[in-house]
Amino acid sequence: AGVEWLRAWDFGATAGGGDPTVGVKLGMWNGRPVIADVVRFQGAPDEVERVLIATASRDGTGCVIDLPQDPGQAGKAQVQYFTQRLAGYRVKSSPESGNKVTRAEPLASQVNIGNAAIVRGAWNRDFIEELRTFPNGKHDDQVDAASRAFASFVTRSTPGIIEYYRRQAEKIKAGESN
């Protein structure tokens with residue numbers, strides 16, 4: 001079986017300072033989380049939109065895009081806008097719940113026992129350093145995005161009928177049988 005990919009985002013609030021915007025691409029392979037890519041930058045809202053769309057294009061339509069929804073009307077409007085701009089991609093969104101440490105613990109548990117992999121890339125050093133210093137480091141945005149991505153895989157309930165038929169159609173398209 002192939003790897004199912006998802007890129008989860010954590011949006012930064014400011015350009016040129018403060019928290020960066022981060023997108024972590026994570027897949028599950030034989031029950032093992034695989035972190036394949038990290039996009040990390042600081043930018044104004046128009047740059048965030050541009051990078052989000054460019055990253056989706058590079059990841060392809062097979063990669064689910066998972067967006068955080070900030071509370072209130074502005075968060076709902078942002079998710080709706082980005083979802084419209086990402087037409088043709090599978091986009092999901094949800095508000096964050098619980099504190100950052102609690103959200104990070106499930107992935108941290110897998111990393112701590114060696115049941116996680118990281119694809120070699122220029123982003124590795126910064127990513128590993130942030131994980132190492134969390135929750136006391138300067139930034140936690142990569143941890144937040146990676147935790148969101150992992151949670152998307154492990155907190156799934158039984159797929160609904162639409163998801164079932166989507167998966168069946170993908171198998172047929174790929175030439176697989178049940």
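- Taking the side chain as every heavy atom from C-beta outward, Trp9 and Asp141 never approach each other to under 4.5 Å.
- Contact check for Val22 versus Asp144: no side-chain heavy atoms found under the 4.5 Å cut-off.
- In this structure a side-chain-to-backbone donor-acceptor pair under 3.5 Å is present from Asn99 to Val101.
- Between Ser152 and Val64, every side-chain heavy-atom pair lies at or beyond the 4.5 Å cut-off.
- Closest heavy-atom contact between Val24 and Ala145: CG2-CB, 3.6 Å.
- No donor-acceptor distance shorter than 3.5 angstrom exists from the side chain of Glu96 to the backbone of Pro68, with no hydrogens or angles considered.
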Next item on the list: Please assess Phe11 against Asp70 for the test side chain to side chain contact (heavy atoms under 4.5 Å, CB included), listing each intermediate value before the final yes or no.
Entry: CA-CA 10 Å; Phe11 297 124; Asp70 287 338; over 6 Å; no

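- In this structure, CG on Asp19 lies 6.5 Å from NE2 on His139, to the nearest 0.5 angstrom.
- Between atom CD1 of residue Ile128 and atom CH2 of residue Trp123 there is a gap of 7.5 Å, rounded to the nearest 0.5 Å.
- The CZ atom of Arg148 lies 8.0 Å from the NZ atom of Lys92; values are rounded to the nearest 0.5 Å.
- Atom CG of Asp10 sits about 7.5 Å away from atom CG of Asp140, to the nearest 0.5 Å.
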Item checked: Stepwise side chain to side chain contact (heavy atoms under 4.5 Å, CB included) test for Leu26 and Phe153 -> CA-CA 9 Å; Leu26 184 141; Phe153 284 105; 3.6 Å; yes

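- Residues Phe41 and Pro20 form no side-chain contact, since every pair of their non-hydrogen atoms from C-beta on lies 4.5 Å or further apart.
- Hydrophobic clustering of Ile, Leu, Val, Met, Phe, Trp and Tyr side chains at less than 4.5 Å, counting indirect connections, keeps Val38 apart from Ile65.
- Within the 3.5 Å criterion, the main-chain N or O of Gly98 finds a donor-acceptor partner in the side chain of Arg103.
- A donor-acceptor distance shorter than 3.5 angstrom exists from the side chain of Glu130 to the backbone of Gln142, with no hydrogens or angles considered.
- Under the 3.5 Å distance criterion, the side-chain polar atoms of Ser147 are matched with a main-chain donor or acceptor of Val143.
- Between the OG atom of Ser57 and the OH atom of Tyr89 there is a distance of 4.5 Å, given to the nearest 0.5 Å.
- Atom NZ of Lys100 has more than 12 neighbouring heavy atoms from other residues, nucleotides or ligands inside a 6.0 Å radius.
- To the nearest 0.5 Å, atoms CG (Asp66) and CG (Leu6) are separated by 5.0 Å.
- Residues Arg40 and Phe127 have side chains not in contact (no heavy-atom distance under 4.5 Å, counting atoms from C-beta outward).
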Note to self: Show, in sequence, the C-alpha distance, side-chain angles and deciding distance for Arg7 and Thr55, and conclude whether the side chain to side chain contact (heavy atoms under 4.5 Å, CB included) test is met.
What the structure shows: CA-CA 9 Å; Arg7 185 177 297 267; Thr55 303; 3.1 Å; yes

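- Judged purely by atom type and a 3.5 angstrom limit, Asn124 uses its side chain to pair as donor or acceptor with the backbone of Gly121.
- Looking at heavy atoms from C-beta onward, Arg50 lies out of side-chain contact with Asp46 at the 4.5 angstrom threshold.
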Item checked: Arg85 and Ile53: CA distance, side-chain angles, deciding distance, side chain to side chain contact (heavy atoms under 4.5 Å, CB included) verdict -> CA-CA 8 Å; Arg85 296 286 291 139; Ile53 293 167; 3.4 Å; yes

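- Residues Gly88 and Thr61 share a closest heavy-atom pair of O-CG2, 3.5 Å.
- Remark: Arg125 pairs with no residue by the salt bridge (Lys or Arg N to Asp or Glu O under 4.0 Å) rule, at least two apart or across chains.
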Item checked: Evaluation steps, salt bridge (Lys or Arg N to Asp or Glu O under 4.0 Å), between Asp37 and Arg58 -> CA-CA 11 Å; Asp37 184 57; Arg58 190 176 73 241; 3.1 Å; yes

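- Remark: side-chain polar atoms of Thr21 are paired, donor with acceptor, to backbone N or O of Gly12 under 3.5 angstrom.
- Of all heavy-atom pairs spanning Arg32 and Gly114, the tightest one is NH2-O, 3.4 Å.
- Asn115 and Gly31 get closest at one heavy-atom pair: ND2-O, 3.4 Å.
- Considering every non-hydrogen atom in both Ala36 and Trp5, the closest pair reads CB-CZ3, 3.5 Å.
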